[in-house]
Amino acid sequence: MTLIADIIVDVPTLQTNRPYTYSIPDIFTDIIQPGMRVVVPFGRGSRKVQGFVIDIKEHETTEMELKAVESLMDSYPVLTKELLKLGEFLAYQTFSFQVKCYQTMLPAVMRAKYSKKVRLIDEIPENLYWEVFKGKDEISWEEAENKNVLSQLIKLEKQDKVEIDYDVKDKAAAKKIKKVKPALSFEAYEEIREGIRTNAKRQKLFIDVLQSMDDKTSLSYAELRELGVTSSTIRSGLEKGWCEVFYEEIYRDPFASRIFEPTTPLTLNKDQAHAFSEIYQTIKDDQHNVFLLKGVTGSGKTEVYLQTIREVIDKGEGALMLVPEIALTPQMVQRFKSRFGDEVAVLHSGLSKGEKYDEWRKIEKEEAKVVVGARSSVFAPLKNIGIIIIDEEHETSYKQEEFPKYHARDVAIWRGNYHNCPVILGSATPSLESRARATKNVYTLLELNNRVNDYPMPDVDVIDMREEAKSGNPSIFSKALLDGLKKRIDQGEQSVLLLNRRGFSSFVMCRDCGYVLECPNCDISQTLHMDTKTMKCHYCGHEEGIPKKCPKCESRSIRYYGTGTQKVEKELKELLDDAEIIRMDVDTTRKKGSHERLFKQFENKQANILLGTQMIAKGLDFPDVTLVGVINADTALGLPDFRSAEKTFQLLTQVSGRSGRGEKEGQVIIQSYNPEHYAIQYAKQHDYDSFYKKEMNLRHLSDYSPYYYLLKITVSHENEMTAAKKIRQYTDYIRPSLSDKAIVLGPTPKSIARTHNRYHFQVLIKYKREKNLTEKIHQLLSETQKEQAKGMYISIDYQPLDFI
DNA sequence: TTAACGAGAACG
DNA sequence: GTTCTCGTTAAA
């Protein structure tokens, strides 16, 4: 019986987005399994590519000559049956390539690295041999490219004088360390000691160490060094047969130096206990159910998570806990590590690729039962999931912006269904979609309406900045906010200041002629970066110097506009002498670990004000923070996005929740130019339900989510007319297959019509039920392949979250 | 006549 | 993504 394998190859194009069949050489038949990575020859030149085995079956027909699997990259399947199936589903639903889906499920190091080499197999002209090959019999493709001899080499290849060789390298490597163990008996060492010179102190020391070890213990080179045994001593000992050296696989543990004090479960209050028991019931019964856990800030959602996870672990199953990247703070990790110790694996962007791989292996080997991580952790290779939790479920970062454009919430529910386990969506401000599903009983609603220990919600004051300006205060700080900050400094309390960056940036404008410095490639103003003293385009990365005079009218009154964190910090220092400010933004947190360091400093009260962007709004718990200020509450309200009110409400509610988490009462001051806006007013009143009602009403009137689903098609081309013509054509192609219930918006130019010197258009399809739509889009994509190859980019976003 | 270029198809 | 084929065009 011969076996063949269905393999998805790493060639991300539409035409190759399907399984290819390969024969399996006898030596692999016993080992190969679906889910393994393999190397296969592909295409005319049989170049080597990475592939994923998705199925193994018996050879049926002999009609077609099959190529054979070249080698195995894994000794065990890296993708489970479940993940293989999920990848297939995701590829279809998000209009992505199946390989891309599998690659996103795995740590980055497991993606193959390709290299091309030219190897000599016969005599070649002398000059080429010496100048290009320099006496070697193999050079890299890049070397040949640099020397401009590619065409000559290709000719030589046809004459079988040289060979072009493809290499697939696996970057995934477990870190290994060198260790030493004794090779001889206690008595033997005694004898050796007699034999060595009295002044060979190092050797004597090494003998002592070896003698003190039994054959089960071993020491690493680093440990031996600490004892005073150098590597040269070890080497000579090895030569004399005193010891043995071997390699041991280790994990790069980013939390190695940290000690986590174990914590015990806290007593749950009535609401928490109710939520817990509802969830516990489904855990016990192995039932799939989606819960929406709506709990006000500070209501103890995390404790409910922790206790349900405990139940799952005790049942012998794994738990998956998703947290938005910016909320994945050391504080958050600590709570899980303290409760579950080594059973926790943490995956976040701060880890190096190697560290991520190690955490992944720990999960794969079932050494870690609890996975805490950001979006991509939803693919964690847990084999038996007992619960999936998505904290802050309303966060838009759960949707991946690149292909595959998946939403972690959808993936979580898919996996929950597969594993027959509950999925918990937690938030103080659930997305309208989730809240609406709870109303329709698609999700089960669980509410925590009180803060733990019955701490009151903080008082929220909304300051009208228009009045402030009228009364002659030009500052970015209202009098109330400044007084509040002063008071906290005097009382030895702390404040958090949020600068809402969304829809906001600092740009350069000429005060005489109104000229704004724009990017030469994109129709967008460039942003000022004080740290590098340059202007940057946030879309294409174009960078140039800060203009000293206006390029248009030569005026020197070209000035910076807008408010950045640096500017706020500077002004604050001028206004408040005693202000000790910690600033957190992309500039100060770029370096690894700086996040944590800054938070630690604030926690240790080395500063009285924490100033930052969105990243300070989440999951932080500082008991001495009694004032939270929002400098610009409404910069996002004006954006052309139907979710902008929702996002503003969520942000204000989240950040308000940072105040008064200790025994002292908290205050929140929101500065706004639209103080009467309902998003701001309901946030002030901590009134989610009224906001929900009002917003649902508006969404209903304008036919938006959650009443309608959305699909976004974007088309871009170098030529504006071509792009416009094509998107109209595509829209006309799809329209006939839609029911009369569907609404087509556009096509329209995107609000930033040009980036990277390309023109972008989009069309939105709003629909309730369109069973043909997905299929039709797939058809569109396959029928437009030729145009896509010629520079017409088409991108489909299923349930998009942004429209800008 | 031959080399060069571009589009199209196929990849097991 | 890469390679090969085929048809056409440009250069010698």
Side-chain angles (χ1 to χ4, degrees), chain A residues 2-26 28-29 32 34 36-73 84 88 91 95-104 111-119 140-142 144-145 148-169 171 402-404 717-719 722 726 781-795:
Chain A
T2 45
L3 291 179
I4 53 170
D6 276 344
I7 290 168
I8 299 286
V9 292
D10 180 17
V11 184
T13 64
L14 249 171
Q15 293 175 86
T16 52
N17 189 33
R18 61 190 181 85
Y20 284 86
T21 318
Y22 284 85
S23 64
I24 301 169
D26 292 343
F28 298 146
T29 43
I32 196 164
M36 282 182 179
R37 296 172 304 148
V38 290
V39 177
V40 290
F42 191 77
R44 306 260 202 160
S46 282
R47 72 194 163 102
K48 309 291 184 289
V49 296
Q50 190 184 51
F52 291 94
V53 179
I54 57 163
D55 197 14
I56 302 227
K57 48 193 183 190
E58 275 178 47
H59 203 341
E60 286 153 17
T61 56
T62 43
E63 280 165 35
M64 198 169 43
E65 197 57 40
L66 297 177
K67 285 185 184 173
V69 170
E70 166 105 3
S71 62
L72 307 183
M73 293 179 80
L84 286 171
E88 192 186 342
F95 307 97
S96 306
F97 306 124
Q98 213 167 325
V99 243
K100 287 268 168 208
C101 293
Y102 292 142
Q103 284 169 342
T104 39
R111 204 165 297 179
K113 205 182 148 203
Y114 296 105
S115 63
K116 220 170 164 183
K117 283 176 186 149
V118 186
R119 188 176 322 138
S140 74
W141 189 257
E142 289 73 31
E145 227 167 9
N148 276 322
V149 287
L150 281 186
S151 54
Q152 290 177 69
L153 287 175
I154 287 165
K155 268 181 221 150
L156 287 167
E157 197 217 351
K158 292 213 176 82
Q159 299 162 20
D160 283 331
K161 299 264 171 83
V162 299
E163 183 176 59
I164 293 169
D165 204 34
Y166 301 89
D167 201 24
V168 183
K169 260 216 186 76
K171 288 174 285 173
E402 301 108 60
F403 282 108
H717 193 267
E718 287 175 357
N719 184 294
T722 317
K726 282 293 167 189
L781 288 172
S782 88
E783 281 179 32
T784 54
Q785 273 184 72
K786 283 175 199 164
E787 290 165 327
Q788 291 184 60
K790 285 186 209 154
M792 174 73 62
Y793 294 171
I794 308 178
S795 155

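Throughout, protein chains are lettered first and strands after them, A, B, ... in sequence-line order, and every chain is numbered starting at 1. The figures that follow rest on heavy atoms only: side chains count, while hydrogens, waters and symmetry mates do not. Computed from a prediction, not measured in an experiment: that's the story for all the values here.
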When you measure from the side chain of [X] to the backbone of [Y], do you find a donor-acceptor pair of N or O atoms at a distance under 3.5 Å?
X        : Y        : answer
A:Ser96  : A:Phe403 : no
A:Tyr102 : A:Asp10  : no
A:Lys100 : A:Ala91  : no

Enumerate the protein-to-nucleotides 2-9 of chain C contacts in which both atoms are nitrogen or oxygen and the separation is below 3.5 Å.
| residue | atom | partner | partner atom | Å |
| --- | --- | --- | --- | --- |
| C:dT3 | OP1 | A:Tyr166 | OH | 2.5 |

N-O pairing of A:Lys116 and A:Asp167 below 4.0 Å: no
Residues which pass salt bridge (Lys or Arg N to Asp or Glu O under 4.0 Å) with A:Glu70, listed by chain and number, not counting sequence neighbours: none
Pair A:Gln788, A:Ile794 - check side chain to side chain contact (heavy atoms under 4.5 Å, CB included), show working. CA-CA 7 Å; A:Gln788 291 184 60; A:Ile794 308 178; 4.1 Å; yes
Under the criterion side chain to side chain contact (heavy atoms under 4.5 Å, CB included), I'd like the reasoning laid out for A:Val49 against A:Val39: C-alpha separation, chi angles, the key distance, then a yes or no. CA-CA 6 Å; A:Val49 296; A:Val39 177; over 6 Å; no
Measure the distance from [atom1] on [X] to [atom2] on [N] and round it to the nearest whole Å.
X        : N      : atom1 : atom2 : answer
A:Gln50  : C:dG1  : CD    : C1'   : 14 Å
A:Asn17  : B:dG12 : CG    : P     : 17 Å
A:Gln785 : C:dG1  : CD    : C1'   : 13 Å
A:Lys67  : B:dC11 : NZ    : P     : 9 Å
A:Tyr20  : C:dG1  : OH    : P     : 14 Å
A:Arg18  : B:dA10 : CZ    : P     : 10 Å
A:Asp55  : B:dG12 : CG    : C1'   : 15 Å
A:Arg111 : C:dG1  : CZ    : P     : 13 Å

Can you tell which of B:dA9, B:dG12, B:dC11 lies closest to the side chain of A:Tyr22? B:dG12
Side chain to side chain contact (heavy atoms under 4.5 Å, CB included) evaluation trace for A:Lys726 with A:His717: CA-CA 9 Å; A:Lys726 282 293 167 189; A:His717 193 267; over 6 Å; no
Watson-Crick or G-U stems of DNA chain B, 3 or more pairs, under 3.5 Å, by first number: B:1-11 with C:1-11
Please report whether the ring centroid of A:Phe42 lies less than 6.0 Å from that of A:Tyr20. yes
